[in-house]
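Quick note on labels: first sequence line is chain A, next is B, and so on, each numbered from 1.
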2 protein chains.
Amino acid sequence: MAGNREKIIEGARRLMNREGSSATGTTRMAEALEISPGNLYYHFKSREEIVARIYERLEATFREGLVAGTGDGITPERFADFYIVAIGIAWDYRFFFASQTDLLAADDALARRHRELQAWSLNALEEIVALLEKQGTALLPKARGEAARLRKSIALNTWLLWISWISFVKVEKAESDLVRGDMARGAVQMFDLFSPWLDTEFEKAARKILNSELERMDAVA
Amino acid sequence: MAGNREKIIEGARRLMNREGSSATGTTRMAEALEISPGNLYYHFKSREEIVARIYERLEATFREGLVAGTGDGITPERFADFYIVAIGIAWDYRFFFASQTDLLAADDALARRHRELQAWSLNALEEIVALLEKQGTALLPKARGEAARLRKSIALNTWLLWISWISFVKVEKAESDLVRGDMARGAVQMFDLFSPWLDTEFEKAARKILNSELERMDAVA
DNA sequence: GTCTATAAGCAGATAGAC
DNA sequence: GTCTATCTGCTTATAGAC
């Protein structure tokens, strides 16, 4: 009853992560999954649709990770978790970040969808900064308009680091294979972007949690 | 005597910028240049080679722009010029930044080459920061090891912003066409990354020059 | 629900005429 | 130096058997 649908989505994601989106045709997917190309097209009307279904998971995980559990204010644990979630997604869907432009150019609906996610995310990140200010754990310069400008800048830079980290590491490690641990520096780099404005105690606590989480992840993967 | 060689390199760059690398096959190149596919293969042994020749220009322009004219110290003019050069390249070779990973995955020699450029560039950027410190126009926190860490961080963030800006703007402007003016915000975003550590007078002067240069560029293009 | 077989199209690249 | 014509190999996707 379940059929191969789930297996295909998950297998395609894995394969594209390993070999890159453009190197992963429907034939190779079917081959790697040990099913026939025909079977693949029974479950999905096109390759595009497979990518779209994978993207939906990326999007859902990301939105959830950015929104959940900030109602009672942001603890150092919660703050560190933002970065953990972010780099987890960048790793789990690295094929997408590596081929963003081509994937979006090939599918208008996907492009619109990602455009909305980007806009939404920049807002959400700004709100997180604002929330940290409100609860006194972040202090931005109060000069006229400066705080608002800086909030936007932190949000945008965090986003840009997030989307580019995979490309950067792939260049750096051209010959050897990427491992999950390569993401850790990216998380720290994103964290560092914000840390100058954080309350010292809060910053210390959050960094400690982030570092131990990253080590834990590395040990598992 | 000159033949079509130059015309092909320049035409391929233009076409790939407009339609994206993966959408620009050798057939389409020949068509757009109004020459035959055969002629194209007389001048270049493969599509890869065309891309490699284009990349060489990107690389040369970039290295030159990052190194030239710092012997007598860095003036606000020279400092602003770094960003002008950087975004000029990001614009002129935007096809490369948009499809980096796929292009490098398809050509090992190119991947190695770009890997060296990335490493070299991070060093060069660090040196620029150090130079600004030495001449007293940048002030980084002196706490043990902090300055070195921050120099590296500024260099890396600047690089990451540079390589990701095009992807970001392409998502934002999904339906309409990109224009050169879309790059201006990227330059400012990169500049902002460094500005908190700059001497106030120097920062003001450099920002003013940067802004007027960006306006000038926009008016021309 | 899964298979085999294959169509249709486009890519990169080459041979050989002019 | 440039052309026409063409080959090979790949891709996405479909038709129809089981």
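Between the side chains of B:Gln118 and B:Trp159, at least one donor N or O sits under 3.5 Å from an acceptor N or O.
Annotation: A:Trp165 is not in aromatic contact with A:Phe97 [ring centroid separation under 6.0 Å not met].
Within the structure, every side-chain polar atom (N or O) of A:Tyr42 is placed at least 4.0 Å from both OP1 and OP2 of C:dT2. Note on A:Asn39: every side-chain N or O is 4.0 Å or more away from OP1 and OP2 of C:dG1. Contact between the side-chain N/O atoms of B:Tyr41 and the OP1/OP2 oxygens of C:dA13 is found at a separation under 4.0 Å. Using a 4.0 Å cut-off, some side-chain N or O of B:Asn4 falls inside it from OP1 or OP2 of D:dT2.
Between the CZ atom of B:Arg5 and the C1' atom of D:dT2 there is a distance of 16 Å, given to the nearest Å. At whole-Å resolution of the value, CZ in A:Arg47 and P in D:dT14 are 15 Å apart. Between A:Ile50 atom CD1 and D:dT12 atom C1' there is a gap of 11 Å when expressed in whole angstrom units. Atom CD in A:Glu34 sits about 15 Å away from atom C1' in C:dC3, given to the nearest Å. When the P atom of C:dA13 is taken as reference, atom CD1 of B:Ile8 falls 14 Å away, rounded to whole Å. At whole-Å resolution of the value, CD in B:Glu31 and C1' in D:dC3 are 16 Å apart. Regarding B:Leu40, its CG atom lies at a distance of 13 Å from the P atom of C:dA11, rounded to whole Å. Taking atom CZ of residue B:Phe44 and atom C1' of nucleotide D:dT2, one finds them 15 Å apart after rounding to whole Å.
Among the nucleotides D:dC3, D:dT2, C:dA11, the one closest to the side chain of B:His43 is D:dT2. Among the nucleotides D:dC3, D:dA13, C:dG12, the one closest to any side-chain atom of B:Ser36 is D:dC3. Nearest nucleotide to the side chain of A:Thr26, out of C:dG12, C:dC3, D:dT12: D:dT12.
The aromatic rings of B:Phe82 and B:Phe79 lie perpendicular to each other, with more than 60° between the two planes, well past the 30° mark.
Each of A:Lys45 and A:Ala23 lies near DNA chain D, and the nucleotide nearest A:Ala23 is the one positioned closer to the 5' end.
Across all strands shown, A:Gly25 has heavy atoms under 4.0 Å from sugar-phosphate atoms exclusively, and none from any base. B:Ser46 comes within 4.0 angstrom of sugar-phosphate atoms only, judged by non-hydrogen atoms across all strands, and of no base.
Electrostatic pairing of B:Lys152 and B:Glu126 counts as a salt bridge here, judged by a charged N lying under 4.0 Å from a carboxylate O. With respect to the salt-bridge test (charged N to carboxylate O, under 4.0 angstrom), the residues A:Arg13 and A:Glu6 do not qualify.
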